[in-house]
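Numbering of residues begins at 1 and proceeds along the displayed sequence.
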Amino acid sequence: MRINKFRRIEYVKKNWILLFSVAILAISITACGTVKQNNNVKPTEIIKATNNSENKTETTTTQNISPAVIYTADEGGSITKIDAATNQLLKAIQVDGAVHNVQVSPDGKMVGATVVPSMSGMEGMTEKEDTEGEHSDNGDHEMNGFAYFYDTTTDELIRKVEVGVHPAHIVFTMDGKFVLISNNEGNNVTVLDANNLEAEYTIPTGKGPHGFRVSTDSSFAYVANIGEDTVSVLNLHTMLEERKIKVGSAPVTTGVTSDGKTLIVPLNAENAAAIVDLDSDKVIKVPVGNGPAQVFIPTESKYAIIANQGTEENPSNSISKIDLATNEIIATIETGKGAHGVVVSPDNSKIYVTNMFDNTVTVIDNKTNEVITNISVGKTPNGISITPKR
């Protein structure tokens with residue numbers, strides 16, 4: 001049952017909108033019971049990728065971890081740890097299933113990951129009622145997935161929590177109270193108590209909820225519904241969907257500025273990013289690269305960085321940097337094939353991009369927009385996260 005992110009897009013398209021065609025690898029609930037409930041811009045010249053240091057592919061078991069550690073979710077069945085100071089691999093944590101997304105907790109002590117189990121890992125899982133007679137794209141009944149939580153110092157598994165059908169992204173709220181998991185084929189979000197990792201709420205969303213971010217004040221979650229053209233705005237005080245915003249075709253994930261006023265949404269089927277004024281829900285679309293996937297907005301909120309994945313047959317290999325003051329592309333930087341996940345270091349000095357079809361992470365200088373190196377990681381790297389400043 002190894003289904004990565006944009007295979008997931010294909011599935012949602014076939015079963016929800018029958019319009020969106022993305023031939024890519026990647027892309028109810030009650031896992032714990034039902035619980036409480038434009039601008040035409042001209043991109044700059046692509047900066048050619050260079051590799052200034054030798055890639056290290058050996059896995060080590062050292063616990064001498066630098067203050068900053070990068071985690072990648074490898075859909076081949078692992079979580080890769082990278083020392084951000086040296087760009088060297090620290091460890092590959094093996095997981096029985098496709099690891100789709102990762103995020104480090106705000107205090108840096110724990111990393112969470114969403115996992116779609118392998119066939120061998122399905123024993124004892126809860127099977128979802130199939131009222132429409134539909135199955136997943138490999139012919140199996142829809143099954144609940146898991147959120148895994150690891151100690152960032154010891155790499156030990158803290159807890160494995162059953163969530164909803166085909167979990168996609170995982171996000172910790174900045175106030176340290178909750179962990180949210182979007183269930184792509186369950187059309188809802190599971191909310192866990194961040195202290196005991198128990199399921200507390202299930203919030204219905206639109207069709208095919210996928211990537212999302214939470215506002216800095218931990219009041220709202222903005223969930224991209226890849227099976228329709230909307231973003232669900234979830235109120236984390238009432239634990240209800242407050243409204244939906246129409247953004248465009250095949251929204252993959254979201255990013256929100258630190259002031260909570262602007263939302264950025266990559267539109268995979270439009271090769272564009274939607275820029276949404278959250279006061280008025282007005283949308284401006286900015287052309288980016290082919291098949292945009294994830295977005296990251298650094299803490300100073302000057303730029304939005306979009307990873308352009310393309311398809312497996314026609315992979316894209318770039319990120320687009322959008323100036324949020326002008327809504328214009330100010331840089332297009334070459335990465336590896338299938339740029340997918342993106343994160344920026346806490347000091348805003350480096351950009352890290354997972355390349356799904358190269359099995360690498362590209363490291364970029366955020367000031368000069370030059371590629372520093374490419375790091376070999378696990379198979380089909382998807383989501384990416386980095387430990388915060390301590």
Report the C-alpha distance between T373 and N87 in whole Å, list the side-chain angles of each, state the deciding distance to 0.1 Å, and finish with yes or no for side chain to side chain donor-acceptor pair (under 3.5 Å). CA-CA 8 Å; T373 190; N87 295 326; 5.6 Å; no
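- Side chains of Y303 and I330 form a contact here, defined as non-hydrogen atoms less than 4.5 Å apart.
- A salt bridge is absent between K350 and D365: the closest approach of a Lys/Arg side-chain nitrogen to an acidic carboxylate oxygen does not fall below 4.0 angstrom.
- With D323 contributing its side chain and A325 its backbone, the two residues share a donor-acceptor pair below 3.5 Å.
- Grouped by direct or indirect side-chain proximity (heavy atoms under 4.5 Å, Ile/Leu/Val/Met/Phe/Trp/Tyr only), V276 sits with F220, Y222, V231, V233, I245, V247, V256, L263, V265, L267, L278, V283.
- Remark: K246 pairs with D229, T230 by the side chain to side chain contact (heavy atoms under 4.5 Å, CB included) rule, at least two apart or across chains.
- Under a 4.0 Å N-O distance rule, the pair R159/E198 qualifies as a salt bridge.
- A search for side chain to side chain donor-acceptor pair (under 3.5 Å) contacts involving N290 returns nothing, not counting sequence neighbours.
- Side-chain atoms of E300 and L324, non-hydrogen and from C-beta on, never get closer than 4.5 Å to each other.
- Side-chain atoms of E270 come within 3.5 Å of backbone atoms of S249 as a donor-acceptor pair (strictly under, hydrogens ignored).
- A side-chain donor-acceptor contact under 3.5 Å links T354 to the backbone of N382.
- A donor-acceptor pair under 3.5 Å is formed between the side chain of D358 and the backbone N or O of K337.
- For N225 (side chain) and E228 (main-chain N/O), no donor-acceptor pair under 3.5 Å exists by modelled atom type.
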